[in-house]
Asks: 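Once you've had a glance at the structure underneath, I'll fire off some questions.
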Amino acid sequence: MSAYDTLNEPQKEAVFTTEGPVLILAGAGSGKTRALTHRIAYLVDELGVSPFNIMAITFTNKAAGEMKERVEKLVGIGSDAIWVTTFHSSCVRILRRFADKIGYDNNFSIYDSDDSKSLMKDVCKRLNIDTKQLKERTILAEISSAKNELITYGKYKVRVDGDFRKSKIADAYTMYQEALIKNNAMDFDDLIMNTVELLRNNEDVLNDYQKRFKYIMVDEYQDTNTAQFQLIRLLAGGYNNLCVVGDDDQSIYKFRGANIRNILDFEKYYLEAKVIRLEQNYRSSQNILDAANAVIANNEGRKEKKLWTDKGAGELIHLRMFDTAYEEAEYIATDVARKTRKGIINYGDCAVLYRTNAQSRLLEEKFVYEGIPYNVVGGVNFYSRREIKDVLAYLKTIDNAKDDLTVKRIINVPKRGIGNTSISKIQTYADENGISFFDACSVSSDIQGMGKTALKIEGFVNLISRLRAKMEIISLSQLVREVLEETSYIQEFDAESEEDAQNRIENIEELINKVIAFEEEHESATLSSFLEEVSLVADIDNIDESIPRALLMTLHSAKGLEFSHVYLAGMEDGLFPSYMTIMSDDSTEVEEERRLAYVGITRAKDDLTLCYSRSRMMRGEMQYNAISRFVKEIPKSLMDNRPPKPRVDEFSEPPAVSFSPLGKPKAVATKRVGTKTCNVGGLSSLDIVGISKGVASVENKSVGTKPDYDIGSRVNHVKFGDGTVTDLEPGPRDFKVTVDFDDVGTKVMYAAFARLKTID
DNA sequence: TAGTTGGGTTTTTTT
DNA sequence: AACCCAACTA
C-alpha cells in the first residue's frame, strides 16, 4: 500500500511520467492538483530529486499556497526549497537578483494598473495626444498585448507601417517605457517580458536557472500567454522535463493575452511530448456534468474529452426566472438562508457567480438583509482603494523616493496647500536638472517663483525624512501608525464627515492587521519586502476561510474553486454572453464566453441553480434581455424548470409562446406602462435602444411618418441582422417598432433610428 | 489653491 | 448608476 494507490490509472501515469515533456489534459474536477502534488512527492521521495531542483508555477498566490500546503503534507521537511509560486512572483524573484543587467536597479518598484494609467495620462499630455480620440486605456491595452507577445517598443515602431493610430501608440509606448525606467518601475507585463529578455541576453543567468530547475510544472497552462510560454521554454531548456497541466475548455483569459494555441499546439512545440488525459470527474453529479458537456460541445476545435463520474445523477439543475434583477437577488439570498436554516448546507458551501462585478451590489444588499455572512471577491481590489494607496504611497516614498508618480500622489495628501501650479514648477525644475521629483522638492527654496509654497514643500520633505529616520528603530506596523499620526490622515476623514469615512478607517485598520500578519510570518520583515508582496496579490488571494461565508464573485475569479451549491446569476444574452461578444465578427469570442459558462457550471458539486431576469439595470438603463443561449444549450431533461411566476395585473396578457430550452424563444406581447416597457410573461427579451442620445433632436419633430414595413414584415438592421417585426405603434415623437431578431432577441427601437430595411 | 458643478463616458473579465 | 474631468467660483 503506497500513497499512490488512491490515484486512478491516468493520474498514476501523470505522476510516474517524470522525464521529458508531458501534457496533462485535465478536465474540470479531475484531480489535477492531486496528481501534481503527488508527482512532486514522487520526485522527491521515490526518485530522490532535491526539492531545490523543482519548480511549480500557478496563476494565483492562493493556488500556489494550497499546492505548497499539500506538498508539505506529502513531502515534509525540505519542501520549502521547492519554488511553488506564481508567474509574476517567480519573475520578481529572478529580477530582484539580476535587474541591474537590463538597466534597472534591483529594488525597482512594481506598478499596478492605476499607476500605469496615471503615467500614461502624463505621457499623453506630453505628446499632445487627444485622449478623446485615443484613450489611455486603449493605448495601455495595446501596449499590454504587445508586451504579452514580447514586442518591445522598438519592434512595435517598426510595425507601425504608416498607420497614424499605431504611430501615436508607438510614441506613447516609447515615452511610457522610458518613464518607467526613469522611475525605476515595472508594470505587470514588464515582469514577464523583462525576465525573458534577461534570460535571453545573459547566458550565465540562464544556465544557472536551467541547471537548477530540473523539473518544471505549470498549472492552468491554457491561460498562459506567449511571453509566459517563452519564459517556461527558456527555463525548461536544460532538462526539458516540463509538465504542463491544463484544460483548453477552461481557457478564459484571452483578453489578458492568453494564447490558447500554447496548449493546443504543445505537441507541435514538443514533438516527443507524452499526452495524458484525466477524464474522471470527482467533483460533480452526473446531471451537472452532462449539462457542462452539452454546453461546451458547441465549441469547435477543442481537444476531445469525455468527462464522466461514478457519482449518481443527483439533483436536477434548477432554472429560476424573474422579472427583475432585484427579485433574482432576493431569491438567491432567501434560498441560501432557507437551506442553511434547514441544515442542508453551511454558508461556506455556497457561491454566487456572475459575469460582471457590477452585479454584486444587489446580491450584497439582499445578503445583508437576510443576515447571511458573505464575502465579495474582487470588485475594487483592496490595495487599489484610495486610502490604502495613499498610505502605501507614503511607505513607498519612505522606502524609495525615486518614483515620481508615488511622491506626487501624496505631496498634497492630506491638503498642504501645494497645488498643481507648484507641482508643475517642481517637475520642470527636476527635468531641467536631471534629478528626481523628490530631490527637486528637497531644494524647493532654489526654485524660482515658489514663494511661500517652498516652506510647505520643505515641511513635506522633512516629514518624509523624519519617518525615514524612525523606520530604523521601529517596527513596520509602528511605522504605519506613525505615518497616520504624523499626517493626521484619519482626522481628515472625520473632518469631511464622509458617509464612508467609517469604511475607510476600517480599511486602514485592516491594512495594519495585514502588516502585523506579515511581520509574524516573516522574521526579517522589511518595508521593501512588504511592499513587494502587496503589489502582487490577487483578489482571490484575500479570501478568509476561517469563518464560513457565502462567496460572491465573478466567474473568472471562481476558476479552480468548487462549491457544493452554486448559483449562476444573470444568465442572459447581452450580459452572459455579453453584447460585445454577440456582436463581434469573431465567433471565437462567444466561444470564450461559452468556456466561461463551462467553468461556472463545473464549479458545482451537488446543486446548481441558474437564474435569469427579464429586466436588469445596466449602466443606468433598463435592459430587457433574452435568456442566455448557454441555458438553451442544456438539455431540458436535466433541468427542473419551474415556470415563471405569471404576472397578474390589469395590463397583462397571456404569454404567446411557452419556454422550451431547446428551441428559440419567441417574442411575446409587450405592454407599455407610462414610459416604461414591461414584458408580460414568456421569455421574450426587450431592449430599448436609440432613445438615450437621440431624443432631444427628435423632440420638436411631429410624429414620424409610418415606416414602409408592418407587423410580420421581415427586416434587416445594420447591427442586429435580420428579424421579424412583431409590434409597431405610434409614439409621442416617432413610431416605436419591436423586432424579434433571429440572433439577438427582441428589441424596441424608434423607427427613425432603427433604419430598418425590408427584406423578403 | 480648493471646492463645486455640470457634462461626458463607460469593453465584462485581471496577474 | 457611477465615475472622472474640465471649467468655474470663492
Side-chain angles (χ1 to χ4, degrees), chain A residues 57-64 85-92 110-114 116-118 121 125 131-132 135-138 140-141 144 147-148 186-192 220 223-225 227-228 251-258 325 353-362 377-381 383-384 386 412-424 451-453 456 496 535-541 553-559 570 572 574-584 589 592-593 595-597 599-600 616-623 692-693:
Chain A
I57 303 182
T58 62
F59 268 82
T60 63
N61 294 303
K62 182 167 188 278
T85 53
T86 65
F87 271 103
H88 291 85
S89 312
S90 33
C91 286
V92 170
I110 300 165
Y111 274 10
D112 65 21
S113 14
D114 281 342
S116 298
K117 202 176 171 199
S118 328
K121 233 179 236 168
K125 215 176 259 171
T131 51
K132 291 241 160 67
K135 292 185 181 62
E136 292 99 337
R137 292 182 139 217
T138 319
L140 282 169
S144 175
K147 288 181 176 177
N148 288 332
M186 298 190 194
D187 66 19
F188 283 135
D189 303 310
D190 282 336
L191 296 176
I192 316 280
E220 305 283 11
D223 284 323
T224 51
N225 61 38
Q228 289 161 337
S251 169
I252 56 172
Y253 280 109
K254 188 179 167 204
F255 72 94
R256 213 172 70 190
L353 311 182
Y354 37 79
R355 183 64 181 83
T356 65
N357 279 307
Q359 289 169 259
S360 68
R361 293 215 169 185
L362 275 181
V377 179
V380 184
N381 185 310
Y383 291 103
S384 21
R386 198 180 79 199
N412 199 29
V413 175
K415 301 267 183 305
R416 300 191 173 87
I418 307 171
N420 283 328
T421 327
S422 306
I423 291 175
S424 301
K452 280 184 205 159
T453 323
K456 296 172 183 164
E496 287 172 40
S535 60
L536 293 174
V537 296
D539 295 319
I540 199 78
D541 301 333
M553 68 183 106
T554 63
L555 289 151
H556 281 88
S557 292
K559 194 179 67 161
E572 294 135 43
L575 179 62
F576 185 32
S578 72
Y579 272 118
M580 296 296 292
T581 55
I582 295 174
M583 295 307 171
S584 169
E589 298 224 351
E592 173 124 337
E593 298 269 306
R595 290 194 287 272
L596 200 49
V599 167
R616 178 180 302 276
M617 205 59 139
M618 287 164 86
R619 275 210 234 115
E621 263 186 308
M622 193 60 90
Q623 300 285 357
S692 56
K693 276 269 178 267

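Proteins come first, then strands; the chains are lettered A, B, ... in the order of their sequence lines, and each starts at number 1. Note that this is a predicted model, so its numbers are computed, not measured.
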Asks: Can you measure Leu140(A) atom CG to dT14(B) atom P for me and round it to whole angstrom units?
Replies: 17 Å

Asks: Pick base, sugar-phosphate or nothing for Asn357(A), based on heavy-atom distances below 4.0 Å to the nucleic acid.
Replies: sugar-phosphate

Asks: Please find the pair of heavy atoms, one from Phe59(A) and one from Asp223(A), that lie closest to each other, and give the distance.
Replies: CZ-O, 3.2 Å

Asks: dA2(C) phosphate, OP1 or OP2: any side-chain N/O from Arg361(A) under 4.0 angstrom?
Replies: yes

Asks: What residue among Asp187(A), Asn225(A), Asp189(A) forms side chain to side chain donor-acceptor pair (under 3.5 Å) with Lys147(A)?
Replies: Asp187(A)

Asks: How long is the gap from CG on Leu353(A) to CD on Gln359(A), to the nearest 0.5 Å?
Replies: 10.5 Å

Asks: In whole angstrom, what separates Glu136(A)'s CD from dC4(C)'s C1'?
Replies: 11 Å

Asks: Looking at dT1(B), I'd like to know if its phosphate oxygens (OP1 or OP2) sit under 4.0 Å from a side-chain N or O belonging to Ser422(A).
Replies: yes

Asks: Is Glu593(A) salt-bridged to Arg355(A), cutoff N-O under 4.0 Å?
Replies: yes

Asks: Using a 4.0 Å heavy-atom cut-off across all strands, classify Phe188(A) as base, sugar-phosphate, or nothing.
Replies: base

Asks: Counting heavy atoms from C-beta on, name the nucleotide in dT12(B), dT9(B), dT1(B) closest to the side chain of Thr356(A).
Replies: dT12(B)

Asks: Could you pick out which residue, Leu536(A) or Glu593(A), lies toward the 5' side of DNA chain B when each is mapped onto its nearest nucleotide?
Replies: Glu593(A)

Asks: For a quick test of reading the model, state the closest non-hydrogen atom pair linking Gly570(A) to Phe576(A) and the distance between them.
Replies: O-CB, 3.8 Å

Asks: Counting side-chain heavy atoms from C-beta on, which of dT9(B), dT12(B), dC4(C) comes nearest to Lys121(A)?
Replies: dC4(C)

Asks: From CE of Met618(A) over to C1' of dA1(C), roughly how many Å is that when rounded to an integer?
Replies: 13 Å

Asks: Rounded to the Å, how far apart are Lys254(A) NZ and dT14(B) P?
Replies: 18 Å

Asks: Determine the Euclidean distance between corresponding P atoms of dC4(C) and dT13(B); express it in Å to zero decimal places.
Replies: 15 Å

Asks: How many whole angstroms separate atom CG of Asn420(A) from atom C1' of dA2(B)?
Replies: 11 Å

Asks: Heavy-atom nearest nucleotide on DNA chain B for Arg416(A) versus Tyr253(A): which residue maps closer to 5'?
Replies: Arg416(A)

Asks: Measure from the ring centre of Phe255(A) to the centre of the six-membered ring in the base of dT14(B), then say whether that distance is under 5.5 Å and the planes meet at under 30°.
Replies: no

Asks: Touch check for Thr581(A), heavy atoms < 4.0 angstrom, all strands: base, sugar-phosphate only, or nothing?
Replies: base

Asks: Does Asn412(A) make a side-chain N or O approach to OP1 or OP2 of dA2(B) shorter than 4.0 Å?
Replies: yes

Asks: So if I take every side-chain heavy atom of Thr554(A) and compare against dT11(B), dG3(B), dT13(B), which nucleotide ends up nearest?
Replies: dT13(B)

Asks: Between atom CD1 in Ile252(A) and atom P in dT13(B), what is the gap in whole Å?
Replies: 13 Å

Asks: Is the shortest side-chain N/O distance from Ser557(A) to OP1 or OP2 of dT13(B) below 4.0 Å?
Replies: no

Asks: Within the modelled atom types, does a donor on one side and an acceptor on the other bring the side chain of Ser578(A) and the base of dT12(B) under 3.5 Å apart?
Replies: yes

Asks: When you get a sec, tell me which of dA2(B), dT12(B), dT13(B) is the closest nucleotide to the side chain of Lys415(A)?
Replies: dA2(B)

Asks: For Arg619(A) and dC4(C), give me the distance from atom CZ to atom P, rounded to whole Å.
Replies: 16 Å

Asks: Could you check how far CD of Glu589(A) sits from P of dT13(B), rounded to whole Å?
Replies: 15 Å

Asks: Between the main-chain N or O of Gly574(A) and the side-chain N or O of Ser578(A), is there a donor-acceptor pair closer than 3.5 Å?
Replies: no

